[in-house]
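We name chains A, B, ... by the order of the sequence lines, and we start the count at 1 in each one.
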Protein chains: 2
Amino acid sequence: MTLRKKKFAKKKEEILHSAINIIAERGYHGTTMEDIASNLFITKGSLYYYFKDKQELVFQSQIMLLLRSIDNMIAVQLEDILIAEKLRKAMRVHVTYLLRERSGFEMMIQPDHLFSKQQLEEIVSLREQYGTYFDQMINDGIEEKVFHVTDSKIVRNIILGAMNWVTQWYSPKGKKDVTEIADTIADHLMRVVIKN
Amino acid sequence: MTLRKKKFAKKKEEILHSAINIIAERGYHGTTMEDIASNLFITKGSLYYYFKDKQELVFQSQIMLLLRSIDNMIAVQLEDILIAEKLRKAMRVHVTYLLRERSGFEMMIQPDHLFSKQQLEEIVSLREQYGTYFDQMINDGIEEKVFHVTDSKIVRNIILGAMNWVTQWYSPKGKKDVTEIADTIADHLMRVVIKN
DNA sequence: CAGAAAATTGACTTGACGTTTAAAAACTGA
DNA sequence: TCAGTTTTTAAACGTCAAGTCAATTTTCTG
C-alpha cells in the first residue's frame with residue numbers, strides 16, 4: 001500500500017531528474033519524451049503513466065528546482081551571522097547550486113510560452129519568493145547602514161543576473177573549481193552593495 | 001544589375017529582422033518558417049529562395065545581431081574619454097541595445113545544439129570578440145590605477161551577466177524608462193571595478 | 001512591349017514527435 | 001502458487017512543421 005505509493009513517488013522523481021538534466025542541455029523543444037525516457041531505460045509510453053503530458057512533466061521539474069533553491073535560501077536566512085556575511089553566503093550558495101546541479105536553468109529563461117497561465121503564475125510566484133530573500137537581505141543591510149542605500153529590487157536583479165550568467169561561461173576545465181568561482185563572484189558582487 | 005542585388009540583400013535583411021523578432025519571443029523551436037514568412041506577408045516557400053534552410057536563416061540572424069553589437073562597442077572604444085567613463089558608457093550602450101532591440105537574446109543562450117560546428121565557431125568567436133572590448137577597458141582601468149586589480153575575464157562575465165539579465169526582469173510599464181535603467185545598472189556595476 | 005530572368009506561390013512529401021491503446025509483464029498479498 | 005492489480009511495453013495514430021518543386025506571376029531590360 002504505502003510501499004506502492006513510495007515506489008510511484010520515487011519513480012516520478014527519477015523521471016523529473018532525467019527531464020531536468022536533458023532539458024538543461026537541449027532546451028524544452030529540443031527535448032523529446034523519447035529522450036527523457038531512454039535516459040532511464042524505459043519507453044516513452046511509460047512516462048504517461050506518471051504524468052498527464054509533456055507540459056505537466058516539465059512544469060513539475062521546474063517547480064522541483066525552484067523549491068529546492070528556496071530551501072537553500074531559507075537555510076541561509078536562518079543563520080545567525082552579520083548581514084553582509086549572510087548575503088555573501090547566499091550568493092555562494094546560489095552559484096554553487098547552479099553549477100553543481102547544472103539545473104534546468106534553460107527553463108528559467110522566458111518560460112512564458114511553455115506553460116499554461118496557472119502554471120506560469122505558480123512559477124512566477126516562486127521565483128518572486130526566491131528574489132524576496134535577497135531583497136530582504138539587502139534591505140537589512142541598508143537599515144544596518146552597512147550597505148549603501150539603493151533600490152533593492154534593481155540591485156537584486158543585478159546580482160541574480162551576474163550569478164545566473166555563470167552557467168554560460170564557467171568551464172570545469174578552467175583553473176578555478178566551483179567553490180572558488182562562487183567565492184570570487186560573491187566577493188565582486190559584494191562591492192555593489194557594501195558601503196565604502 | 002546592382003539594383004537587383006540590392007533588392008535581394010534588402011529582402012534578406014527583412015527576413016532576418018522578422019526572424020530575430022519572432023525567435024526572441026518564441027525561441028528557436030517555437031518559431032516556424034511559416035511564422036517568419038507570414039510576418040512579412042509572404043509564404044514560407046519564398047524563404048527558401050533566400051536561405052538554404054532554417055538553420056542557415058537563424059544563423060545569419062545571430063551573426064547580424066552580434067555584428068551590430070560589436071559595431072556599438074567599436075564606437076564606444078573610439079571615444080576619447082576617461083576609461084571609467086568609457087566603461088560606463090559601454091554598459092549603457094549594451095543595456096539599451098538589448099532592451100530596445102529586444103534582440104534575439106534567446107538565441108544567445110546555449111545555441112550549442114542549434115548550429116553546426118562551423119557556425120558555432122563563428123558565433124563563439126564573435127562573442128569572444130565582443131567580450132574582449134570589455135576586457136580591454138577593464139585592463140586599461142587597472143593599468144591607470146582607477147580600477148582595482150582583478151581577473152578581468154571574470155569581472156567581464158559578471159558585468160555581462162548582470163546586464164544581459166535585464167531582459168528577464170525589465171518591464172516598460174515600470175517607473176524607469178530604458179535609459180534610466182541602463183544608467184542605474186551602469187552605476188551599480190561601476191562599483192565592482194572602481195577603486196574606493 | 002516582348003521575352004527573359006527573378007521572385008513567389010501553394011500543394012505535396014517526409015519525418016519527427018506527442019499521445020493513445022491494447023496487450024504483455026511484473027509485482028503483490030493471501 | 002495464483003488471482004488480481006499495477007506497471008511497462010510496442011505499435012499505431014494524428015498532427016505539425018521543414019523542406020521540395022513545378023507552375024505561375026512579377027519585375028526587369030533591351
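- Between the CD atom of B/Glu34 and the C1' atom of D/dC16 there is a distance of 11 Å, given to the nearest Å.
- Note: A/Phe59 and A/Phe115 have perpendicular aromatic rings, judged against thresholds of 30 and 60 degrees for the angle between ring planes.
- A salt bridge is defined here as a Lys NZ or Arg NE, NH1 or NH2 lying under 4.0 Å from an Asp or Glu carboxylate O, and B/Arg88 with B/Asp187 meets this definition.
- Here the C1' atom of nucleotide C/dC17 and the CD1 atom of A/Ile36 are 12 Å apart, to the nearest Å.
- Between C/dA7 and B/Ser46, no contact under 4.0 Å exists linking OP1 or OP2 to a side-chain N or O.
- Following rounding to the nearest Å, B/Asp35 (CG) and D/dA17 (P) show an atom-to-atom distance of 8 Å.
- Counting to the nearest Å, the P atom of C/dA6 and the OH atom of B/Tyr50 are 12 Å from each other.
- The separation between B/Leu47 atom CG and D/dC21 atom C1' is 15 Å, rounded to whole Å.
- Residue A/Lys7 places none of its side-chain N or O atoms closer than 4.0 Å to OP1 or OP2 of D/dT6.
- Classification of B/Arg156 and B/Glu128 as a salt-bridged pair holds, one side-chain N sitting under 4.0 Å from a carboxylate O.
- Atom CZ in B/Phe8 sits about 15 Å away from atom P in D/dC28, given to the nearest Å.
- With DNA chain C read from its 5' end, the first of the two nearest nucleotides for B/Thr43 and A/Tyr48 is the one closest to B/Thr43.
- Residue A/Lys54 contributes atom NZ, which lies 21 Å from atom P of D/dG14 at whole-angstrom precision.
- When the nearest nucleotides of DNA chain C are assigned to A/Gly30 and A/Lys52 by heavy-atom distance, the more 5′-ward of the two goes with A/Gly30.
- Using a 30° and 60° split on the angle between ring planes, A/His148 and B/His188 fall in the tilted class, from 30° to 60°.
- In this structure, NZ of B/Lys12 is placed 12 Å from P of C/dA7, rounded to the nearest angstrom.
- Checking D/dT9, D/dA17, C/dG18 against the side-chain heavy atoms of B/Thr32 singles out D/dA17 as nearest.
- Put simply, B/Tyr49 has a side-chain N or O that comes within less than 4.0 Å of OP1 or OP2 on C/dA7.
- Neither OP1 nor OP2 of C/dT20 sits under 4.0 Å from any side-chain N or O of A/Lys44.
- Counting non-hydrogen atoms under 4.0 angstrom, A/Phe51 reaches nothing in the nucleic acid.
- In this pair, A/His29 and B/His29 present their aromatic rings tilted. The plane angle is within the 30 to 60° band.
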